[in-house]
Asks: 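So that we are looking at the same thing, I have put the structure below in structure tokens.
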Amino acid sequence: MNPQTYESEIQKKWQQHKAFASPTSAEMQGKQKFYMLVMLPYPSGRIHMGHVRNYTLGDMVARFQRMKGAVVCHPLGWDAFGLPAENAAIQHGVHPAVWTRQNINDMKAQIIKMGISYDWDREIATCFPDYYRWNQWLFLKMWERGDVFRAERNVNWCPALGTVLANEQVIEGKYERTGDPVIQKPMEQYFLKITKYAEELLNDLDTIDWPDNVKAMQKHWIGKSEGAIVEFAILPTTQSASTPLTTIKVFTTRLDTLYGVSFMALSTEHPLITTAAESDPSLREFCNRIASMSREDRLICETKEGHPTSIQVLHPLTNQPLPVFAANYILMDYGSGAVMGVPAHDERDNEFAKKYNLPIVQVIQTPNPDDPWEKGILINSQQFNGMTSDQAVTAMVNQLKGKAQKATTYKLKDWGLSRQRYWGTPIPTVHCPQHGVQPVAESQLPIQLPEDITFSGIGPSPLTTSTAFLNATCPQCQAPAQRETDTMDTFVDSSWYFLRYLDPKNQQLPFSKAEATAWLPIDLYIGGIEHATAHLVYARYFHKVLRDIGLTTCNEPFKKLICQGMVLKDGYKMSKSKGNVVDPDQVIEKYGADALRLFMAFAAPIEKEIDWTGFEGIEGATRFLKRVSRLVEEHCQQTQNQTPSLPPKPQMSTEEKKLMHKLHTATKHITDDLETRYQFNTVISSLMELLNDITALPKNSPNRPSIMHQALTTFIRLMSPAAPHLAEQLWEQTGGTGFCMHAQWPQADPAWLETDQQEIVIQINGKVRGRITLPSNATEQERKTAALSCPTAQPHLADKTIQKIIVPPSGKLISIVVKN
RNA sequence: GCCGGUGUGGCGGAAUGGCAGACGCAGUCGACUCAAAAUCGACCGCCCAAAAGGCGUGGGGGUUCAAGUCCCUCCACCGGCACCA
């Protein structure tokens with residue numbers, strides 16, 4: 001029978017019997033739980049090989065855990081808000097909701113064809129009011145907690161279209177579609193105070209089982225550095241009276257180099273520079289030039305550039321006046337946007353000082369004179385001379401009294417939430433002429449997206465075209481107010497979706513605490529490495545907020561994370577524009593879902609990239625499945641479903657005992673690989689080895705029917721997570737009851753893991769010189785004696801002095817050390 | 001530049017300090033066949049005619065009875081971040 005027919009029949013049966021259903025917390029009855037999660041897909045319309053790989057491997061774990069007896073939650077949903085739907089609306093006139101709906105239906109059908117065991121009763125789509133109302137609810141909770149604020153930040157502004165663009169739409173400073181120039185324009189936006197959790201987000205990385213590279217990326221993203229904030233007083237006569245500032249605050253990790261400061265550099269966006277530029281045309285021109293550069297250009301342009309100002313500051317210890325520059329290498333959004341220039345001990349300051357002829361004063365003696373950027377011993381620093389860098393920092397903070405404090409800064413920035421888009425969660429606030437920005441009352445949720453929208457791709461957010469939507473009342477004074485037209489970043493949607501799966505129909509809360517407590521943390525999360533920072537940081541942050549609101553109890557949502565490698569074609573990522581997309585549907589059409597799954601699991605370790613090009617290997621997967629079917633077929637014909645019970649061990653032939661041993665060692669390996677090592681390629685190779693050994697059992701083996709029955713029914717269950725359709729088919733054929741996917745997972749019997757006889761390798765001076773077979777219970781002395789009399793070892797022992805004989809605990813090897 | 005990782009046959013890869021190359025793909029030869037496909041069997045790292053033996057996990061060094069695996073160092077490649085004060 002060909003896979004195309006039986007696979008869909010089995011899928012129907014699974015569906016009819018709700019075979020993938022998972023219980024609520026009340027129904028769990030103290031059973032071991034397992035929450036298997038994959039990153040929710042964007043409904044682009046077609047599944048691709050990356051999805052296939054991700055979902056196959058997740059499904060293997062889910063199916064394995066079910067057979068092991070765990071209650072398994074294995075859901076899928078749709079990350080359904082986002083730009084492509086809006087583009088489809090602009091280009092093809094189809095409403096984003098319609099387009100998205102259709103794509104979800106198409107993709108769901110494809111995923112069902114893969115035989116992935118998702119509990120579709122838990123399905124969610126983030127674009128439904130059912131879901132996004134809880135984004136709004138959470139926003140209001142965070143507002144109450146004071147975790148939401150409004151501030152200005154630059155956006156990509158396309159003056160020709162009058163539209164804000166996403167980073168991905170801007171290429172080399174131009175709108176990718178029209179080529180219109182894009183500039184940076186400050187705009188008032190909503191922010192979430194993620195920085196409040198910076199320290200915890202950093203520290204808790206040590207408590208989770210994640211890949212090193214992802215942890216490293218997150219650490220770098222959070223970017224903690226410890227140092228001090230020091231104040232430099234502005235010489236009053238050197239700046240215009242209009243500025244309120246009397247000091248400049250500077251963050252430094254090297255307060256010990258304070259005596260080496262010869263200038264101060266400020267970001268071109270620093271308020272002090274902005275004010276100074278008002279009365280200094282040359283400075284203004286410099287700042288404008290830097291501001292007009294796109295982010296990309298700024299990174300490419302590596303030369304340090306500065307512009308002098310009339311401002312001077314006083315050195316806090318020596319009271320010497322120091323010049324203040326505006327400089328292109330100072331970032332406004334890190335530290336305080338100001339740097340104390342220490343040319344002798346900072347590479348960038350050094351370059352800058354040389355260019356502008358500023359004094360370079362060495363104040364640190366470093367262990368390696370060629371590396372002046374390191375810490376060392378202070379010199380030229382008056383009473384601090386002779387101190388180590390670390391001692392000096394403490395001493396200087398004390399000396400400077402209120403003018404310096406130890407401080408910690410992070411690269412992590414507060415999360416800019418606002419998007420000037422239609423297809424997203426409306427931010428639940430109104431603008432009242434009297435009371436400013438006000439959150440709406442909880443009772444008004446959901447604030448629904450209006451349908452009467454025209455999508456032109458130009459002008460402000462499409463939401464501004466719906467007057468019905470815009471008209472609102474102020475919750476404070478009930479006077480007319482204008483509804484907020486910004487929508488939320490779609491990362492909000494994906495920051496807590498895994499909790500909504502647990503209670504998808506809840507009308508009172510985003511999810512109940514009981515469900516969250518019962519199912520969290522997620523035991524295994526699989527997804528692409530591209531989400532190593534943004535999504536995985538935001539989701540961790542949201543989870544901590546939810547914990548602090550009292551909705552969840554654990555600190556970290558994802559206990560174990562695996563990032564799967566990409567599926568390539570001809571060395572490139574598959575993409576429509578390259579025309580190298582391999583459609584999973586066509587592969588299933590030709591080979592069946594089981595073959596594709598098997599191949600995906602076998603091709604390479606999960607975290608590595610695989611290239612579809614080199615892999616006629618799927619033929620191998622097909623061959624394997626055919627061999628299994630044929631073997632079971634033959635066995636059933638021969639035995640007519642008579643299944644005598646297994647004879648006691650002494651009555652078995654040597655070959656039969658060997659097969660039984662293999663059956664149990666394979667069971668052990670496959671169990672380990674699926675349970676702890678998450679190494680899927682060796683699951684498949686173990687299955688192949690086992691199949692080879694089962695096939696090799698002699699036709700005239702005395703207990704063949706019973707041994708074969710035992711071997712095959714075990715094999716079918718071991719194969720079931722990877723190739724569930726064929727397993728189901730063969731399970732029925734061999735007389736199994738119920739679904740194979742619900743059958744009990746085979747257990748490795750320790751008695752069968754041992755063998756009566758053992759082959760022992762004899763090494764002499766590290767080289768293999770012979771092998772002997774001994775009873776497994778032979779003593780160490782017997783092993784040594786036998787090894788020394790091994791014929792092939794004799795030539796290497798003659799005329800030599802034996803110095804040492806080592807028998808390692810496994811007993812599988814004996815190492816003899818000899819000397820001439 | 002900094003951080004993380006990888007390096008094993010023609011290819012994908014296996015190997016918890018204990019027989020390197022499991023398993024598969026490709027290939028070669030054979031069986032079956034009128035023939036082909038499918039299937040089954042054998043071979044399949046390098047040197048030597050072969051056996052015996054030697055060499056061999058990016059290069060060099062070290063620890064160990066024993067190193068693909070641990071340590072040092074260099075090289076190459078991949079990924080991430082990148083003027084982070």
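By convention in this document, chain letters (A, B, ...) are assigned in the order of the sequence lines, proteins followed by strands, and residues within each chain are numbered from 1.
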Asks: Specify the residue among A:Asn765 and A:Glu689 whose closest nucleotide of RNA chain B lies further upstream toward the 5′ end.
Replies: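 Closest to the 5' end, via its nearest nucleotide, is A:Glu689.
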Asks: Respond yes when some side-chain nitrogen or oxygen of A:Asn681 is under 4.0 Å from OP1 or OP2 of B:A14, and no when none is.
Replies: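 Yes, A:Asn681 has a side-chain N/O under 4.0 Å of OP1/OP2 on B:A14.
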Asks: Is the charged tip of A:Lys224 near the ring of A:Tyr410: under 6.0 Å from the six-membered ring centre and within 45° of its axis?
Replies: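 No, a cation-pi geometry is absent between A:Lys224 and A:Tyr410.
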Asks: Look at A:Asn213 and B:C78 and indicate whether a side-chain polar atom (N or O) is within less than 4.0 Å of OP1 or OP2.
Replies: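 No, A:Asn213 has no side-chain N/O under 4.0 Å of OP1/OP2 on B:C78.
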Asks: Provide a list of protein-nucleic acid N or O atom pairs under 3.5 angstrom, restricted to nucleotides 52-61 of chain B.
Replies:
unit_1, atom_1, unit_2, atom_2, d
B:G54, OP1, A:Arg769, NH2, 3.1

Asks: Mind checking if A:Lys608 touches a base, just sugar-phosphate, or nothing, with heavy atoms under 4.0 Å?
Replies: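 A:Lys608: backbone/sugar contact only, no base atoms under 4.0 Å.
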Asks: Quantified in whole Å, what is the P atom distance between nucleotide B:C19 and nucleotide B:A66?
Replies: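 It comes out at 14 Å once rounded to the nearest Å.
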Asks: Ignoring the backbone of A:Arg771, work out which of B:C19, B:A14, B:C23 is nearest its side chain.
Replies: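 Selected nucleotide: B:C19.
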Asks: Examine the side chains of A:Tyr329 and A:Thr303 and answer whether a donor and an acceptor come within less than 3.5 Å of each other.
Replies: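 A:Tyr329 vs A:Thr303: no donor-acceptor pair found between side chains.
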Asks: Considering only the C1' atoms, how many Å lie between B:C75 and B:G61, rounded to the nearest integer?
Replies: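 About 15 Å, rounded to a whole number of Å.
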Asks: If I pick the P atom on B:U16 and the same atom on B:U6, what distance separates them, to the nearest angstrom?
Replies: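 That atom pair is separated by 15 Å.
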Asks: Taking atom P in both B:G68 and B:G60, what distance in whole Å separates the two?
Replies: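 Straight-line distance between the two P atoms is 13 Å.
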Asks: Just to confirm, is there a sub-4.0 Å distance from OP1 or OP2 of B:G18 to any side-chain nitrogen or oxygen of A:Lys812?
Replies: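 It does not, given that no N or O in the side chain of A:Lys812 lies less than 4.0 Å from OP1 or OP2 of B:G18.
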Asks: Looking at A:Ile330, A:Val339, A:Val250, A:Leu272, which one forms a side chain to side chain contact (heavy atoms under 4.5 Å, CB included) with A:Leu266?
Replies: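 Only one of A:Ile330, A:Val339, A:Val250, A:Leu272 forms a side chain to side chain contact (heavy atoms under 4.5 Å, CB included) with A:Leu266, namely A:Leu272.
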Asks: Given the P atoms of B:C11 and B:A49, what is the spacing between them in whole Å?
Replies: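 After rounding to an integer number of Å, I get 26 Å for this pair.
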Asks: So which nucleotide from B:C23, B:C19, B:A85 ends up closest to the side chain of A:Thr253?
Replies: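 It is B:A85.
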Asks: What does A:Pro211 touch in the nucleic acid at a heavy-atom separation under 4.0 angstrom: a base, only the sugar-phosphate, or nothing?
Replies: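 The answer is nothing, as A:Pro211 stays clear of every strand by at least 4.0 Å.
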Asks: Is it true that the side chains of A:Gln758 and A:Arg783 contain a donor and an acceptor less than 3.5 Å apart?
Replies: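 Result is yes, a qualifying pair exists.
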Asks: With under 30° as parallel and over 60° as perpendicular, where do the rings of A:Phe325 and A:Phe352 fit, or are they tilted in between?
Replies: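 A:Phe325 vs A:Phe352 ring planes: perpendicular.
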Asks: Determine the interatomic distance between C1' on B:A51 and the same-named atom on B:C47; round to the nearest Å.
Replies: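 The same atom, C1', in both gives a distance of 14 Å.
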Asks: Does B:A26 have OP1 or OP2 sitting under 4.0 Å from an N or O in the side chain of A:Arg623?
Replies: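 For A:Arg623, the contact criterion (side-chain N or O under 4.0 Å from OP1 or OP2 of B:A26) is met.
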Asks: Does A:Ser336 make a side-chain N or O approach to OP1 or OP2 of B:A85 shorter than 4.0 Å?
Replies: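 A:Ser336 to B:A85 OP1/OP2: no side-chain N or O under 4.0 Å.
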Asks: Which stems, defined as runs of 3 or more consecutive Watson-Crick or G-U wobble pairs with both pairing distances under 3.5 Å, involve RNA chain B?
Replies: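 So far as stems of 3 or more pairs are concerned, RNA chain B shows B:1-7 with B:75-81, B:10-12 with B:23-25, B:27-31 with B:39-43, B:45-47 with B:53-55, B:58-62 with B:70-74.
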Asks: For A:Gln803, answer base if it contacts any base atom (sugar-phosphate contacts may also be present), sugar-phosphate if it contacts only those atoms, and nothing otherwise; contact means non-hydrogen atoms under 4.0 Å.
Replies: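 If one applies the 4.0 Å heavy-atom cut-off, A:Gln803 turns out to touch nothing in the nucleic acid.
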Asks: What contact category does A:Gly223 fall into here, base, sugar-phosphate, or nothing, at under 4.0 angstrom with non-hydrogen atoms?
Replies: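 Touches nothing.
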Asks: Is A:Arg630 close enough to B:A38 that one of its side-chain N or O atoms is under 4.0 Å from OP1 or OP2 there?
Replies: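 No, outside the criterion.
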Asks: Expressed in whole Å, how much space separates the P atoms belonging to B:A67 and B:A20?
Replies: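 Their P atoms lie roughly 10 Å apart.
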Asks: What I want to check is whether an N or O donor and acceptor connect the side chain of A:Lys219 with the base of B:C3 at under 3.5 Å.
Replies: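 Side chain to base: no pair present.
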Asks: Within the structure, does a side-chain N or O atom of A:Gln679 lie under 4.0 Å from either OP1 or OP2 of B:A15?
Replies: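 So the side-chain polar atoms of A:Gln679 do come within 4.0 Å of the phosphate oxygens OP1 or OP2 of B:A15, strictly under.
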Asks: Using only heavy-atom distances, determine whether the side chains of A:Thr195 and A:Asp414 contain a donor-acceptor pair under 3.5 Å.
Replies: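 Yes, side-chain donor-acceptor contact under 3.5 Å.
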Asks: Which value, in whole Å, describes the distance between the C1' atoms of nucleotides B:U69 and B:A85?
Replies: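 Comparing C1' positions in B:U69 and B:A85 gives a spacing of 42 Å.
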